[in-house]
S.K.: 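I'd like to ask you about the structure that follows.
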Amino acid sequence: MTTTSGSRSSHPPIRADAVPARVVARGLGVRHPSRRAWAVSGVDLVVEPGERILLTGASGAGKSTLLAALAGILDAEGTEVAGELAVDGAAPRAARSRLGLLAQDPDSQLVMTRAGDDVAFGLENAGLPPEEIWPRVDEALAAVGFPYGRDRPTQALSGGEKQRLVLAGALARRPGLLLLDEPTAQLDPGGAALVRAAVARSTADRSATVVVVDHDAQPWLPLVDRVVEVVPDGLVEHPPGWQPAPRAAGLTLPAAADGPVLLAARAAGFTYRGSPVPALAPTTTVLRAGRALAVTGPNGSGKSTLALLLAGLRAPTSGRVVASAALTGTVRNGADEPHRWRAGELVSRIGTVFQHPEQQFLTGRLRDELALGPLRSGEQAAAARATADALLERLGLTAFADANPFTLSGGQQRRLSVATALATAPRVLVLDEPTFGQDTGTWRELVTLLAEQRAAGCAVAVVTHDVDLVDVLADDRLSPAQP
């Protein structure tokens, strides 16, 4: 099998042979199982063939639910749908063969172990002959700037690289309706620009209708025809020339408070078993009390792996991660490497947000999720409940206190994961993309909360592609060397 490189100086357009779809929604509403409130309601929308629409709206407003309805994948038993929704005059489920979807979580869409096979999967299911499949695969991988060949194991990809791969699979199908949910949220700035350019090239001839959801609206404005905001009772269309307000404008944060080193990585690196190359090259850095470190850099450079090492959730395969006496305190046996600590010792000292927050939820209710860490670290039940309620209020989640964490939107799940990291009042916070999926209001609240933790003497490390977050919060910056 031949390979293709994503490092070409230019990327060919995706040749189009699709007919663009027409979307019509009249009074559309969706209510998820076990929820009293409607996720979306009163949606009236017409998208003409070949149009490109940007959907905006508050975190939890129902943007991803609306995309799922358009994709015909509202399959959960008990989901209630009101009103009308049609793609080319038929139910969306009947049009699945004509659409390409990039969901918010790319892992949920990966089905094969090799990158090229994953892109080819949909084409093979559509019955295309092999001599047509592989040129399409190569076109799509090149268009999104996928940096490896067809044989790259999907399990070896970073979150952003998986996002590019799933987009390649969607583009390879040459869909009549292209649905993109936060397609650049996990990408470095260069990768995000490349993906937007790939979408623009692939739809330049208006062969596909495009609906994209993105909280970072500004870069999409030159590429879309209309901007539509999802609001509690329907949709509001923004006028031509609309510009989003800068989310950091006027934001005043408490200052950093420089303190002692709490955690240090000493030439710490990591290689997954069986991999010929390291996931993280040897990296040296320190986390100081009262300061924030931003870990930035291109996708695949090992940022999330470094976060796992700093959080004590993996042991480095080379070098060490060492806690100072100020952080270890009364740790059993005086161990100074966090990965050797017991769960209760770890959770009370280092708070963590995973790249995929749903992987860290352990209970069936938000209130219980937030009380779990304090209870494990020795707090009394009443104090744990009080901590949970305060965090729910601070991060705008009180209305969902009794809801299952897995029923939240992606942005709400992210806020919940940050709250769980804060619940035990740890001295160190290690947060992977903490501002993913946030609207301007929730972004500002999260950033302010993290700055307060820093001012109180907490050491904060954020893995992020969010340039605004880096600009307003970071005291120190680190970009791991490319493995």
Side-chain angles (χ1 to χ4, degrees), residues 158-159 186 261-272 278-289 291-297 301-324 326-329 331-332 335-362 369-370 372-374 376-377 413-414 416-436 446 450 453-454 457-464 469 473-474 476 478 480:
S158 70
Q186 297 188 48
V261 172
L262 297 180
L263 197 62
R266 300 174 180 170
F270 188 84
T271 301
Y272 287 94
L280 174 71
T283 300
T284 297
T285 191
V286 297
L287 301 186
R288 290 184 175 275
R291 294 184 69 84
L293 170 70
V295 182
T296 63
S301 58
K303 301 183 299 297
S304 293
T305 301
L306 175 61
L308 293 174
L309 302 188
L310 292 173
L313 299 177
R314 284 191 182 277
T317 55
S318 61
R320 298 181 71 205
V321 172
V322 181
S324 71
L327 183 61
T328 56
V331 166
R332 171 183 56 96
D336 63 357
E337 294 176 299
H339 74 269
R340 299 185 185 277
W341 298 349
R342 293 178 296 186
E345 295 170 335
L346 189 62
V347 74
S348 62
R349 289 167 172 80
I350 303 177
T352 308
V353 168
F354 294 173
Q355 187 176 46
H356 303 291
E358 67 279 1
Q359 294 177 353
Q360 65 192 93
F361 299 147
L362 301 172
E369 194 69 36
L370 289 173
L372 183 62
R376 282 184 170 179
S377 63
Q413 287 185 341
R414 188 68 52 157
L416 175 61
S417 65
V418 172
T420 61
L422 296 176
T424 58
R427 294 289 309 280
V428 173
L429 288 171
V430 180
L431 314 174
D432 200 338
E433 296 289 0
T435 56
F436 171 89
L446 272 176
L450 295 180
Q453 299 298 308
R454 178 188 64 178
C458 185
V460 180
V462 292
V463 171
T464 187
L469 175 63
L473 187 69
D476 308 295
L478 169 70

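Everything numeric in this text was worked out from a predicted model, so none of it was measured.
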S.K.: So which heavy atom on His339 is nearest to which on Arg314, and how close?
M.R.: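 In this case the closest contact between His339 and Arg314 is CB-O, 3.9 Å.
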S.K.: According to ring pair (Phe, Tyr, Trp, His ring centres under 6.0 Å), who are the partners of Phe270, at least two apart in sequence or on a separate chain?
M.R.: Tyr272
S.K.: Test of understanding: with side chain to side chain contact (heavy atoms under 4.5 Å, CB included), list the residues that count as partners of Ser348, not counting sequence neighbours.
M.R.: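 Ser348 satisfies side chain to side chain contact (heavy atoms under 4.5 Å, CB included) with Ser377 only.
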S.K.: Gln359 and Phe354: which non-hydrogen atoms are nearest, and at how many Å?
M.R.: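 Closest pair (atom of Gln359, atom of Phe354, distance): CB-CD1, 4.0 Å.
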S.K.: side-chain hydrogen bond (donor to acceptor under 3.5 Å, both in side chains) with Glu433: which residues, sequence neighbours excluded?
M.R.: none
S.K.: Run through Gln355, His356, Lys303 and flag the one making a side-chain contact (heavy atoms from CB on, under 4.5 Å) with Asp432.
M.R.: Gln355
S.K.: Would you give the length of the straight line joining atom CG of Leu262 to atom CZ of Arg291, rounded to the nearest 0.5 angstrom?
M.R.: 12.5 Å
S.K.: Heavy atoms only: give me the nearest Gly312-Pro338 pair and the separation to one decimal.
M.R.: CA-CB, 3.8 Å
S.K.: Can you name the closest pair of heavy atoms from Pro480 and Thr283 and give their distance?
M.R.: CB-OG1, 4.3 Å
S.K.: Take Leu263 and Leu327 through the test side chain to side chain contact (heavy atoms under 4.5 Å, CB included) and record every step on the way to the result.
M.R.: CA-CA 8 Å; Leu263 197 62; Leu327 183 61; 4.2 Å; yes
S.K.: Would you check if Val463 and Leu306 make a side-chain contact, meaning some heavy-atom pair closer than 4.5 Å?
M.R.: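 Counting from C-beta outward, Val463 and Leu306 never come under 4.5 Å.
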S.K.: Look only at the side chain of Thr317 and the backbone of Thr271, and say whether a donor-acceptor pair between them is shorter than 3.5 Å.
M.R.: yes
S.K.: List for me each residue that meets side chain to side chain contact (heavy atoms under 4.5 Å, CB included) alongside Ala292, sequence neighbours excluded, and say none if there are none.
M.R.: Arg454, Val460, Leu473, Asp475
S.K.: How many angstroms lie between CG in Leu416 and CD in Glu369, if you round to the nearest 0.5 Å?
M.R.: 6.0 Å
S.K.: Could you list the residues that satisfy side chain to side chain contact (heavy atoms under 4.5 Å, CB included) with Ala425, not counting sequence neighbours?
M.R.: none
S.K.: Partners of Thr435 by side-chain hydrogen bond (donor to acceptor under 3.5 Å, both in side chains), sequence neighbours excluded?
M.R.: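 Thr435: side-chain hydrogen bond (donor to acceptor under 3.5 Å, both in side chains) contacts with Asp466.
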S.K.: Considering non-hydrogen atoms only, spot the tightest contact between Leu446 and Pro434 and give its length.
M.R.: CD1-O, 3.4 Å
S.K.: With sequence neighbours excluded, tell me which residues meet side-chain hydrogen bond (donor to acceptor under 3.5 Å, both in side chains) with Arg320.
M.R.: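 If we apply the side-chain hydrogen bond (donor to acceptor under 3.5 Å, both in side chains) test to Arg320, skipping adjacent residues, the hits are Asp336, Glu337.
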S.K.: Once side-chain hydrogen bond (donor to acceptor under 3.5 Å, both in side chains) is applied, do any residues pair with Gln453, and if so which ones, sequence neighbours excluded?
M.R.: none
S.K.: Please list, chain by chain and in numerical order, all residues satisfying side chain to side chain contact (heavy atoms under 4.5 Å, CB included) with Ala311, sequence neighbours excluded.
M.R.: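 Applying side chain to side chain contact (heavy atoms under 4.5 Å, CB included) to Ala311 gives Leu313, Ile350, Thr352, Val430.
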S.K.: What pairs of residues pass the salt bridge (Lys or Arg N to Asp or Glu O under 4.0 Å) test when at least one of them lies in residues 261-272, not counting sequence neighbours?
M.R.: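 Non-adjacent pairs meeting salt bridge (Lys or Arg N to Asp or Glu O under 4.0 Å): zero.
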S.K.: Looking at Leu280 and Ala268, what are the two nearest heavy atoms and their distance?
M.R.: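 Result for this residue pair: CD2-O, 3.6 Å.
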S.K.: If you apply the rule side chain to side chain contact (heavy atoms under 4.5 Å, CB included), what do you find for Asp476 with Arg288, and how did you get there?
M.R.: CA-CA 10 Å; Asp476 308 295; Arg288 290 184 175 275; 5.6 Å; no
S.K.: Residues two or more places apart in sequence or in another chain: which of them pass salt bridge (charged side-chain N to carboxylate O under 4.0 Å, His left out) with Arg376?
M.R.: none
S.K.: Within the distance-only criterion (no hydrogens, no angle test), does the side chain of Thr424 pair as donor or acceptor with the backbone N or O of Gly373 below 3.5 angstrom?
M.R.: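 No: the side chain of Thr424 does not pair with the backbone of Gly373.
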S.K.: Sub-3.5 Å donor-acceptor pair from the side chain of Arg427 to the main-chain atoms of Ala289, do we have one?
M.R.: no
S.K.: Can you measure from CG (Leu431) to CG (Leu310) and round to the nearest 0.5 angstrom?
M.R.: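 Going from CG on Leu431 over to CG on Leu310, the span is 11.5 Å.
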